[in-house]
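Shown next, in structure tokens, is the structure this report addresses.
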Amino acid sequence: MISEFDIIRRYFSRPTASAVLGVGDDCALLQPSPGMLLAATTDMLVAGRHFPEGTDAGTLGHKSLAVNLSDLAAMGARPRWALLALALPEADEGWLAAFADGFYRLAGDHAIELIGGDTTRGPLTVSITVIGEVPANAALRRDAALAGDDIWLSGATGQAALALEHLAGRAALPDGDFSACLARLQTPVPRVGLGLHLRGLARSAIDVSDGLLADLTHVLEASSTGAEIWYESIPRSGALASCRDADLAMRCVLSGGDDYELLFTAPLSRRAAIEALSAEIGLPLTRIGAIVAGPPAAVVRDAQGKALLIASKGYDHFA
Ligand code: ADP
Ligand code: MG
């Protein structure tokens with residue numbers, strides 16, 4: 001049987017070039033870059049709650065880091081370091097090797113180093129802390145939206161939720177559509193590059209993890225503003241473009257969650273620059289509404305301007 005320390009040595013001790021001291025001592029030692037603020041965030045994924053028991057280990061290694069990188073992206077921060085707290089029901093080396101590969105592949109894409117963590121026996125849980133850097137005046141905070149700002153969305157929402165609807169038997173997708181939606185659910189691509197480009201362009205940003213409306217509402221509450229969203233302007237990609245169940249499509253696009261796109265606001269003067277950025281990085285950036293003065297709630301309007309009734313804004317673990 002492999003020991004706790006063998007697990008750490010074999011699977012989670014790849015060399016760290018930028019940390020002063022990485023895995024192996026009581027703490028890692030880090031030297032922040034001059035003039036930078038540290039941006040730190042944690043996200044925990046629990047088996048049976050955030051992913052089904054039996055989820056592919058490599059997929060889980062990717063996703064558990066991706067959801068954390070998405071938070072750094074939404075702050076405009078450059079990822080630097082990660083800590084990994086892992087509770088495992090058993091020490092399965094095949095599982096560990098695949099998990100570590102999924103984790104390190106995405107870490108390598110973003111030059112992020114695993115510098116420490118904790119390993120214990122328990123119900124399968126992955127809790128990752130990431131640390132990034134952002135110039136003091138460039139962080140994309142939730143409380144900075146202003147009435148008059150455009151509201152922008154990267155990529156498209158709803159496909160991850162549509163995969164879940166299919167798995168729950170509430171939607172029936174053709175095989176090709178299902179695998180595309182499942183890929184969005186299992187291996188989301190954190191918008192780290194976009195977040196860096198949005199420094200100085202966007203006024204506020206959030207990543208869409210719990211549902212477009214739920215996460216927009218966090219911005220509205222923090223900024224004490226309202227919003228108008230034009231439903232028909234929200235992009236529909238893949239299976240959602242051809243979905244004929246209008247209620248299902250609306251639920252997925254507006255309230256689905258697990259999208260890891262960036263929702264951001266910017267002054268009108270930035271429109272041309274944001275459109276140019278979209279072309280430059282090859283990622284659709286779509287204007288879906290506007291920040292308005294008023295109570296912190298989003299009004300969603302159809303093409304005729306009629307306000308739509310929305311049953312649920314998104315996911316809440318304790319609702
Ligand atoms: P401590 O007893 O001080 O908590 P541990 O024995 O838990 O230390 O960990 C030993 C070293 O291995 C520490 O540097 C810790 O950060 C690191 N570590 C433990 N688990 C992991 C993991 N899953 N991934 C990366 N580093 C880990
Ligand atoms: Mg420990």
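Excluded from the calculations below are hydrogen atoms, water molecules and symmetry mates; all remaining heavy atoms, backbone and side chain alike, are included. Note that ligands are numbered from 1 as they come in the structure, with each ligand's atoms numbered from 1 the same way.
Applying the 4.0 Å criterion to heavy atoms of Asp118 picks out, from ligand 1, the atoms 7 (O), 19 (C), 20 (N), 21 (C), 23 (N). Ligand 1 places these atoms under 4.0 Å from at least one heavy atom of Phe5: 6 (O). Close contacts of ligand 1 with Phe12, meaning ligand atoms under 4.0 Å from a residue heavy atom, involve 23 (N), 24 (N), 25 (C). Atoms of ligand 1 lying under 4.0 Å from at least one heavy atom of Asp25, given by number and element, are 13 (C), 14 (O).
Apart from Phe264 itself, the hydrophobic cluster it occupies contains Leu140, Trp152, Leu194, Leu198, Leu201, Leu262, Ile274, Leu277, Ile281, Leu283, Leu285, where clustering links Ile, Leu, Val, Met, Phe, Trp and Tyr at side-chain heavy-atom distances under 4.5 Å.
The shortest N or O to N or O distance between Leu84 and ligand 1 is below 3.5 Å. Between Gly117 and ligand 1, a contact under 3.5 Å exists for at least one N or O pair. Checked against a 3.5 angstrom limit, the closest N/O atoms of Gly22 and ligand 1 fall outside it.
Ligand 1 does not have Tyr11 within reach: every non-hydrogen atom of the residue lies 4.0 Å or more from it.
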*Evaluate side-chain contact (heavy atoms from CB on, under 4.5 Å) for Leu45 paired with Ile128, printing each intermediate quantity in order.*
CA-CA 9 Å; Leu45 274 69; Ile128 293 180; over 6 Å; no

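Between Glu113 and Arg80, none of the side-chain N atoms (NZ, or NE/NH1/NH2) sits under 4.0 Å from a carboxylate O, so this pair counts as no salt bridge.
In summary, of the residues considered (Arg301, Met250, Lys306), a side-chain contact (heavy atoms from CB on, under 4.5 Å) with Tyr231 occurs for Met250 alone.
Looking at Val126, Thr119, Thr120 and measuring to atom 20 (N) of ligand 1, the nearest heavy atom belongs to Thr119.
Under the 3.5 Å distance criterion, the side-chain polar atoms of Asn68 are matched with a main-chain donor or acceptor of Asp43.
For the pair Tyr260/Val67, a side-chain contact is recorded, criterion being any heavy-atom separation below 4.5 Å from C-beta on.
Of all the heavy atoms of Leu114, the ones lying under 4.0 Å from any atom of ligand 1 belong exclusively to the side chain.
Residues passing the side chain to side chain contact (heavy atoms under 4.5 Å, CB included) test with Asp109, sequence neighbours excluded: Leu106.
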